[in-house]
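The structure follows.
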Amino acid sequence: MSVEFAPLLIEPAYRRVAAAIGARILSRELREGERLPPELQLARQFGVNRSTLREALRELESRGLLRRRPGSKLMSVSRPRQQAVAQGVSHALLLHDVTVRDVWEALTILEPPLAQAAARARSTADLRELEVAAAAYAEAQADADLAVQRTAEVFRTIGRAAHNPVLALAQEPLLQLLEPSLRVMIDKVPQARSRIATAHRHLSAALAARNSDDAHAWMARHIRDFRRGYEIAGIDIGLRLGV
């Protein structure tokens, strides 16, 4: 009788180095902005050659945990940018054949409670940002691409006003998918732009008054309008999204 074993998976040395440095960063032993030692010194500490160390640093840089400041040879600890993290998620969703329906359902679940939280937590500065974002949308209505981008920015501004980084990061991939889903509809529904502007006005007023119930209700209505727009335009909400 023969006995068979699966091959051992040996992790490359650069991955082990990247994991060790990454663990120090995530535990906050290495703080944002703190510089790592020179490459030669790090390579000696880990007992690896410089090419292995550089591969590890490149991996951490691609994950947003390290960056090289202009004019410096040393790597510094950094915080991954929210947009970059969210872009990875939105790209993964596209590759999993996400549809207009999927995005609409997710927005329905997330956005009304987020607007409600924003009405409670918003600051005076948040209201100014929302006013600027809504005005930018109003100025860009004639250009479909700009109108779509600035619609997403109003959502983004309301999300920031909730002052919850977890919710903001959960929101961002959806907003990156909202843009292509809205782009296929906005020019096919004559009233779409005006209804979006109306929603912006009411949401701004609800946040200004700290009226969380109105903020929730108007955001829910705003999201329902998107689905209604697809129906009016005769667009199948099972449509798979692309970039």
Practice problem: Verify the neighbour count for atom CZ of R210: are there more than 12 heavy atoms of other residues, nucleotides or ligands below 6.0 Å? | Solution: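 Count over threshold, so yes.
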Quiz item: Is a donor on one side and an acceptor on the other found under 3.5 Å between the side chain of Y230 and the backbone of S181?
Solution: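 Yes, Y230 side chain to S181 backbone: donor-acceptor pair under 3.5 Å.
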Exercise. Taking all non-hydrogen atoms of both residues into account, name the closest pair between A115 and L207 and its distance.
Key: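 Shortest heavy-atom contact: O-CD1, 4.1 Å.
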Quiz item: Which pairs, with at least one residue in residues 144-193 and sequence neighbours excluded, count as a ring pair (Phe, Tyr, Trp, His ring centres under 6.0 Å)?
Solution: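 Sorted pair list: F155-H222.
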Quiz item: So which heavy atom on A18 is nearest to which on L60, and how close?
Solution: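 Here A18 and L60 meet closest at O-CD2, 3.6 Å.
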Practice problem: Compare every heavy atom of A119 with every heavy atom of A206, then report the nearest pair and how far apart it is. | Solution: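 The answer is O-CB, 4.3 Å.
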Self-check item: side chain to side chain contact (heavy atoms under 4.5 Å, CB included) assessment of T99 paired with I237
Solution: CA-CA 7 Å; T99 66; I237 62 169; over 6 Å; no
Exercise. Please lay out, stage by stage, how M219 and I158 fare under the test side chain to side chain contact (heavy atoms under 4.5 Å, CB included).
Key: CA-CA 10 Å; M219 184 58 82; I158 292 171; 3.9 Å; yes
Quiz item: Okay, side chain of R156, backbone of Q171: is any donor-acceptor separation there less than 3.5 Å?
Solution: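 Checking the backbone N and O of Q171 against the side chain of R156, no donor-acceptor pair under 3.5 Å is found.
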Self-check item: Where M185 and A233 come nearest, the two heavy atoms and their spacing
Solution: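 Taking M185 first and A233 second, the nearest heavy atoms are CG-CB, 4.4 Å.
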Quiz prompt | Greater than 12 external heavy atoms within 6.0 Å of R81's CZ | solution =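 Open: at most 12 neighbouring heavy atoms sit under 6.0 Å from CZ of R81.
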Quiz item: Is the closest basic N to carboxylate O distance between R228 and E231 below 4.0 Å?
Solution: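 Yes, charged N to carboxylate O under 4.0 Å.
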Quiz item: What's the shortest heavy-atom distance between D143 and R193, and which atoms?
Solution: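 Looking at all heavy atoms of both residues, the shortest contact is C-NH2, 4.3 Å.
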Quiz item: In terms of heavy-atom contacts, does CD of E131 have more than 12 from other residues, nucleotides or ligands at under 6.0 Å?
Solution: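 No, CD of E131 has 12 or fewer neighbouring heavy atoms, counting only those of other groups under 6.0 Å.
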Quiz prompt | Name of the residue among R201, H200, H202, R195 meeting side-chain hydrogen bond (donor to acceptor under 3.5 Å, both in side chains) with T198 | solution =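 Per the side-chain hydrogen bond (donor to acceptor under 3.5 Å, both in side chains) rule, the option paired with T198 is R201, out of R201, H200, H202, R195.
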Quiz item: Using 4.0 Å as the upper bound for N to carboxylate O, is an ion pair formed by R160 and D126?
Solution: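 No.
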Exercise. Could you tell me whether R44 atom CZ has more than 12 heavy atoms of other residues or ligands within 6.0 Å of it?
Key: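 Not buried by this count: 12 neighbours or fewer within 6.0 Å.
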Quiz item: Considering all heavy atoms of both residues, which atom of Q141 and which atom of S194 are nearest to each other, and what is their separation?
Solution: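 What the structure gives for the nearest pair is OE1-N, 4.2 Å.
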Quiz item: For I21 and L57, what are the C-alpha separation, side-chain angles and deciding distance, and is it a side chain to side chain contact (heavy atoms under 4.5 Å, CB included)?
Solution: CA-CA 9 Å; I21 298 172; L57 296 180; 4.1 Å; yes
Quiz item: With R68, which residues qualify under side chain to side chain contact (heavy atoms under 4.5 Å, CB included), at least two apart?
Solution: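 Here the qualifying residues are E39, M75.
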Quiz item: Can you tell me how far CG of D225 sits from CD1 of I232, rounded to the nearest 0.5 angstrom?
Solution: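 Output value for this atom pair is 8.0 Å.
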Quiz item: For the salt bridge (Lys or Arg N to Asp or Glu O under 4.0 Å) test, which of R16, R54, R15 pairs with E59?
Solution: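 Only match with E59 under salt bridge (Lys or Arg N to Asp or Glu O under 4.0 Å): R15.
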Exercise. Check whether any side-chain N or O of R35 sits under 3.5 Å from a backbone N or O of G33 as a donor-acceptor pair, and report yes or no.
Key: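 Answer holds: no.
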Exercise. Just do the side-chain hydrogen bond (donor to acceptor under 3.5 Å, both in side chains) check on Q176 and E172 with the steps written out, would you?
Key: CA-CA 6 Å; Q176 292 183 11; E172 183 58 34; 3.2 Å; yes
Quiz prompt | Pair E153 + R150, salt bridge at N-O below 4.0 Å | solution =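 R150 and E153: not salt-bridged.
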